[in-house]
Amino acid sequence: MGWVFIFILEGLHMDYNFKEIESKWQKYWDDKNFYKADEAGDKPKYYALEMFPYPSGRLHMGHVRNYSIGDVIARYKRMRGYNVLHPMGWDAFGLPAENAAIKNGIHPSTWTWNNIDNMRAQLKSLGISYDWDREVATCHPEYYRWTEWLFLQLYKKGLAYRKKSSVNWCPSCKTVLANEQVVDGKCERCGTVIRKKELEQWFFKITDYADKLLEGLDRLPGWPDKVKIMQRNWIGRSEGAEINFRTETGEEIKIFTTRPDTVFGVSYIVLAPEHPLVAKLVKGTEYEKTVNDYIYELQAMNEITRTSSETEKTGMFIGSYAVNPLNGERIPIWIANYVLMEYGTGAVMGVPAHDERDFAFAKKYDLPVKIVIRPEGENLTPETMTNAYTGDGIMVNSHGFDGMTSGEMLGKISNHIEEKGYGKKKVNYKLRDWLISRQRYWGAPIPIVYCDHCGAVPVPEEDLPVLLPENVAFTGKGESPLSECEPFVNTTCPKCGRPARRETDTMDTFMCSSWYFERYTDPRNEERPFDFDRAKYWLPVDQYVGGVEHAILHLMYARFFTKFLYDIGLAPVDEPFTNLLTQGMVLKDGIKMSKSKGNIVSPEEIVAKYGADTTRLFVLFAAPPERDLEWNDQGVEGCYRFLSRVYKQVSDMKDRYIQSGWDFDDLDDEDKRLRFKTHSTIKKVTSDMDGKFGFNTAISAIMELSNALNDYTASKREHANSGVVSELICNMLIMLAPFAPHMTEELWHDLGHKDSIHRQAWPGFDESALTRDETEVVIQVSGKVRGKLNVPSGADDETVKKLALENERIRSFINDKPIKNVIVIPGRLINIVV
RNA sequence: GCCGAAGUGGUGGAAUAGGCAGACGCGCUGGACUCAAAAUCCAGUAGGGCUCACACCCUGUGCGGGUUCGACUCCCGCCUUCGGCACCA
């Protein structure tokens with residue numbers, strides 16, 4: 001069935017032969033290295049970038065959308081006179097390659113490079129204007145050599161370190177994951193429920209950059225608020241105080257609170273069940289067994305239920321008391337499931353009167369409620385409270401602070417605590433250090449050697465790269481393939497020369513993608529990751545385009561890396577991406593396209609059937625870039641029809657087309673109207689392209705222009721003004737060029753132009769063509785539209801008012817009622833209020 | 001629960017420093033071309049009323065209020081959908 005349909009389409013549209021046109025120009029651009037970028041010339045630079053893909057083997061519609069958006073931006077900016085860098089590469093390390101190896105026996109390297117070849121060809125078939133000379137692949141030794149080198153720089157600065165801790169383990173991927181890669185307690189990649197495991201792993205101290213990462217967000221007005229908010233929440237900075245309570249046996253318990261103003265209202269303390277003090281305090285007491293049973297019960301629960309806010313709060317008294325340093329009160333020590341060892345100090349103070357969670361907990365376990373903040377003009381009593389009072393008010397029961405507002409109290413209490421030595425001011429973050437070890441083969445090796453005498457020793461920089469060995473067994477069982485590869489593991493210590501073992505974990509692939517946009521500025525540098533001056537020329541990326549799913553992961557890691565590189569003098573900027581566009585998903589039948597749902601539309605098939613220009617046009621026309629896009633086969637055909645129509649329209653005009661020097665001296669009204677349309681379209685499309693990226697409305701404006709030309713020629717026939725028509729066609733093609741680069745290039749040459757349409761300057765509009773003798777204004781009577789009126793352009797308010805009131809139709813609506821007011825909006829509207 | 005975005009014809013979506021709601025595309029209906037169909041071209045297409053017809057009138061942007069000469073747009077209170085976070089002390 002399929003081929004019959006294609007045959008019919010082709011048979012009847014020989015005039016617009018996209019197959020021939022597209023392959024012809026793709027070859028031309030490829031041969032000429034047409035979109036090559038260099039640092040020469042005095043044009044201002046523009047760095048347009050789309051997130052590079054994982055080379056899965058095939059592009060999906062999301063890629064097509066992503067790269068079409070980026071390409072339109074790159075092409076538009078070139079036409080606006082910028083020196084544009086628009087590169088592409090491959091985020092080529094990662095698990096699927098290894099899984100393919102296990103399943104099919106293909107080496108991850110072979111699998112990956114084959115996929116890259118496929119996808120590169122697909123990108124070329126879409127006509128995306130990349131500088132292919134700058135292509136990078138993170139799995140290339142000349143790339144990961146510098147990934148390893150960057151690891152060493154972090155190590156030198158103490159930002160890469162090893163520690164044993166409870167980490168996220170995905171039993172299916174057989175590797176650990178960063179916190180950011182765990183979604184709802186499941187592996188972000190495969191959806192398997194993760195387990196906690198105690199392991200010694202490598203971390204990057206991204207937490208050292210928490211404040212810088214937060215501060216930088218304030219300097220990114222070109223980012224969507226949504227993404228900035230997500231990052232802020234993820235970093236989760238909260239200011240408060242760490243207060244030292246002491247048990248009656250003299251043990252210190254540090255608690256963290258953001259509400260030190262309520263410290264006089266503490267009626268109990270809660271430790272995380274894993275808190276090291278718990279075992280110590282219960283040892284040998286009557287509580288030991290019940291407490292241990294409770295902890296055991298909690299540990300048996302899986303991570304999701306354990307940490308869900310839905311799970312009921314439970315806890316128990318552990319038999320000890322602590323003393324509140326501020327008022328000397330004796331308070332019981334509890335443990336509870338809702339207190340997490342990983343955050344703050346793993347211990348909190350319970351203030352039931354002024355914290356919802358504490359209130360619920362206190363009610364459940366019958367703990368005292370002590371009020372220390374009274375809302376102004378109201379009285380609270382513990383007996384009648386049904387909720388915690390979390391607002392501001394006047395301090396009570398707080399010795400030395402009574403009568404103050406809670407705001408004043410908050411300003412003073414932390415200093416007071418510090419002065420008295422009860423504790424200190426403290427800032428806490430939700431952000432954790434970035435775990436980068438992966439127990440997998442297909443990644444950049446961590447350049448560390450373990451020596452029995454010297455400990456962990458970094459591989460000397462001149463010995464980089466630590467190459468991945470080729471001959472490795474992929475069984476899918478046991479540990480990482482590297483750890484079973486003896487020739488790789490066994491080495492000598494760079495320090496003392498004695499036998500040593502290599503680190504067999506590889507780095508998280510997010511590390512590779514955290515600096516690729518910097519490598520693009522100088523992709524073949526063999527001395528350094530990239531040259532400072534070349535990077536200084538191109539960076540920062542002016543426009544970054546990608547899916548919102550990277551709002552936290554990639555975009556935060558890349559910012560962290562850039563800040564680090566900036567701090568050690570390698571990068572010229574500390575924020576890599578000035579403007580960010582997060583594109584929406586491509587949906588089919590209202591849901592995301594996915595293999596499991598069986599609703600995939602293959603870009604290859606669409607391009608084969610309708611051509612790259614149509615495909616690009618559709619994904620840009622069907623929705624604004626940041627919104628989700630509903631796939632619609634008939635919509636694609638609509639775009640195809642439009643391009644065919646333009647092709648025919650322009651081809652029909654070939655003989656009468658005038659390249660330049662159009663004469664507009666002798667125009668009638670119809671000619672003037674068409675010129676008006678040409679120039680108002682230029683104005684509209686230009687404003688849509690600039691900043692807002694309203695590609696859907698830009699395309700619809702070009703469609704309107706084509707329709708206007710159609711109506712004009714239908715009415716004028718052989719009397720059509722060649723100058724006006726030529727001007728329209730010339731500008732229409734240039735404006736359409738970023739969207740449909742092949743067809744416009746073909747037509748451009750058909751019309752006799754010798755240079756490429758993609759080297760043309762973006763048109764400006766002629767203000768004089770936009771001025772008209774008469775303007776249509778709307779007349780309202782009491783806010784309802786009752787008529788329209790042509791008035792001379794630039795007529796003053798009084799004249800317009802007079803004309804409106806004289807209008808026969810309008811008078812019938814006024815109907816002798818007294819006129820209360822007349823509002824005139826020049827050039828637009830008159831409202832007569834009766 | 002908290003944070004964020006969005007609700008407009010049959011449909012994807014236009015129009016917001018407050019000023020003609022429904023641009024453009026899809027679909028649908030009618031017509032031209034054709035032996036016929038496909039493709040293409042032309043016309044119509046928010047709903048309702050009235051009319052032989054043109055004209056015209058009323059109602060309409062999730063719901064309920066409000067501000068205003070005038071509200072899809074601003075304010076208050078809801079509802080729904082989608083994303084993100086989720087015991088963070």
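Heavy-atom basis, side chains included; hydrogens, waters and symmetry copies ignored. Remember, it's a predicted structure, so these values are computed and weren't measured experimentally. Sequence lines set the chain letters: A, B, ... in the order given, protein chains first and strands last, and positions in each chain run from 1.
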A.B. asks: Would you classify A:Gly344 as touching base, sugar-phosphate or nothing, given that sugar-phosphate means primed atoms plus P, OP1 and OP2, and contacts are heavy atoms under 4.0 Å?
C.D. replies: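 It contacts nothing in the nucleic acid.
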A.B. asks: Tell me whether the side-chain N or O atoms of A:Gln634 pair up with the base of B:G25 as donor and acceptor below 3.5 Å, since no angle test is needed here.
C.D. replies: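 Donor-acceptor pair under 3.5 Å: no.
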A.B. asks: Answer yes or no: does a side-chain N or O of A:Arg232 lie under 4.0 Å from OP1 or OP2 of B:C85?
C.D. replies: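 The answer is no; no side-chain N or O of A:Arg232 sits under 4.0 Å from OP1 or OP2.
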A.B. asks: Looking at A:Arg627, I'd like to know whether one of its side-chain N or O atoms comes within less than 4.0 Å of OP1 or OP2 on B:G12.
C.D. replies: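 False: A:Arg627 side-chain N/O out of range (4.0 Å or more) of B:G12 OP1/OP2.
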A.B. asks: Checking all strands, does A:Lys313 fall into the base, sugar-phosphate, or nothing category for heavy-atom contacts under 4.0 angstrom?
C.D. replies: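 If one applies the 4.0 Å heavy-atom cut-off, A:Lys313 turns out to touch a base.
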A.B. asks: Between A:Asn831 and B:C20, does any side-chain N or O lie under 4.0 Å from OP1 or OP2?
C.D. replies: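 For B:C20, neither OP1 nor OP2 has a side-chain N or O of A:Asn831 closer than 4.0 Å.
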A.B. asks: Between the side chain of A:Asp613 and the main-chain N/O of A:Met743, is any donor-acceptor distance below 3.5 Å?
C.D. replies: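 Yes.
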A.B. asks: Using a cut-off of 6.0 Å, state whether more than 12 heavy atoms not belonging to A:Lys648 lie near its atom NZ.
C.D. replies: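 For A:Lys648, atom NZ is not crowded (no more than 12 foreign heavy atoms under 6.0 Å).
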A.B. asks: Taking a pair as Watson-Crick or G-U wobble with both distances under 3.5 Å, which nucleotide is matched to B:C87?
C.D. replies: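 Pairing partner: none.
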A.B. asks: Using heavy atoms to find the nearest nucleotide of RNA chain B for A:Arg432 and A:Gly635 separately, return the residue whose nucleotide is more 5′.
C.D. replies: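 Upstream on the strand: A:Gly635.
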A.B. asks: Using OP1 and OP2 only, check whether a side-chain N or O of A:Arg828 sits under 4.0 Å from B:A15.
C.D. replies: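 No, A:Arg828 has no side-chain N/O under 4.0 Å of OP1/OP2 on B:A15.
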A.B. asks: Kindly label the base of B:G64 as syn or anti, based on whether its glycosidic torsion lies within 90° of 0.
C.D. replies: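 You should classify B:G64 as anti.
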A.B. asks: For B:C82, which nucleotide is its Watson-Crick or G-U wobble mate, given both distances must be under 3.5 Å?
C.D. replies: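 With both distances under 3.5 Å, B:C82 matches B:G4.
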A.B. asks: Should the pair A:Asp355-A:Arg259 be classified as a salt bridge under the 4.0 Å nitrogen-to-oxygen rule?
C.D. replies: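 Looking at A:Arg259 together with A:Asp355, the answer is no, because their closest N to O distance does not fall below 4.0 Å.
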A.B. asks: Go ahead and name the base partner of B:G60; Watson-Crick or wobble counts if both distances stay under 3.5 Å, otherwise write none.
C.D. replies: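 In the structure as shown, B:G60 has no Watson-Crick or wobble partner.
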A.B. asks: Across all strands, who's sitting opposite B:G44 as a Watson-Crick or G-U wobble pair, both distances under 3.5 Å?
C.D. replies: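 Paired with B:G44, as far as the under-3.5 Å criterion goes, is B:C28.
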A.B. asks: Choosing from B:C58, B:A15, B:C24, which nucleotide comes nearest the side chain of A:Arg786?
C.D. replies: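 Among the listed nucleotides, the one closest to the side chain of A:Arg786 is B:C58.
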A.B. asks: At under 4.0 Å between heavy atoms, what does A:Arg237 touch on the DNA or RNA strands: base, sugar-phosphate, or nothing?
C.D. replies: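 No contact.
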A.B. asks: Once you apply the 3.5 Å cut-off to both distances, tell me the Watson-Crick or G-U wobble partner of B:C52, or none.
C.D. replies: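 Looking at the geometry, B:C52 pairs with no nucleotide.
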A.B. asks: Indicate, with a heavy-atom threshold strictly under 4.0 Å, whether A:Arg357 touches base, sugar-phosphate, or nothing.
C.D. replies: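 If one applies the 4.0 Å heavy-atom cut-off, A:Arg357 turns out to touch a base.
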A.B. asks: Between A:Tyr640 and A:Tyr16, does a ring-ring contact (aromatic ring centres under 6.0 Å, His included) hold up when you go through it step by step?
C.D. replies: CA-CA 10 Å; A:Tyr640 180 83; A:Tyr16 171 39; 5.8 Å; yes
A.B. asks: Using atom OH of A:Tyr610 as one end and atom C1' of B:A39 as the other, report the distance to the nearest whole Å.
C.D. replies: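 A:Tyr610 atom OH is separated from B:A39 atom C1' by 13 Å.
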A.B. asks: Does A:Asp628 reach a base, just sugar-phosphate, or nothing at all? Heavy atoms under 4.0 Å.
C.D. replies: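 Sugar-phosphate: the residue A:Asp628, judged by heavy atoms under 4.0 Å, touches backbone atoms but no base.
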A.B. asks: Looking at B:C88, I'd like to know if its phosphate oxygens (OP1 or OP2) sit under 4.0 Å from a side-chain N or O belonging to A:Thr258.
C.D. replies: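 For A:Thr258, the contact criterion (side-chain N or O under 4.0 Å from OP1 or OP2 of B:C88) is not met.
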A.B. asks: Which listed nucleotide (B:C41, B:G13, B:C26) is nearest to the side chain of A:Asn696?
C.D. replies: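 It is B:G13.
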A.B. asks: Is there a side-chain polar atom (N or O) of A:Asn707 under 4.0 Å from OP1 or OP2 of B:G25?
C.D. replies: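 Yes, such a contact exists.
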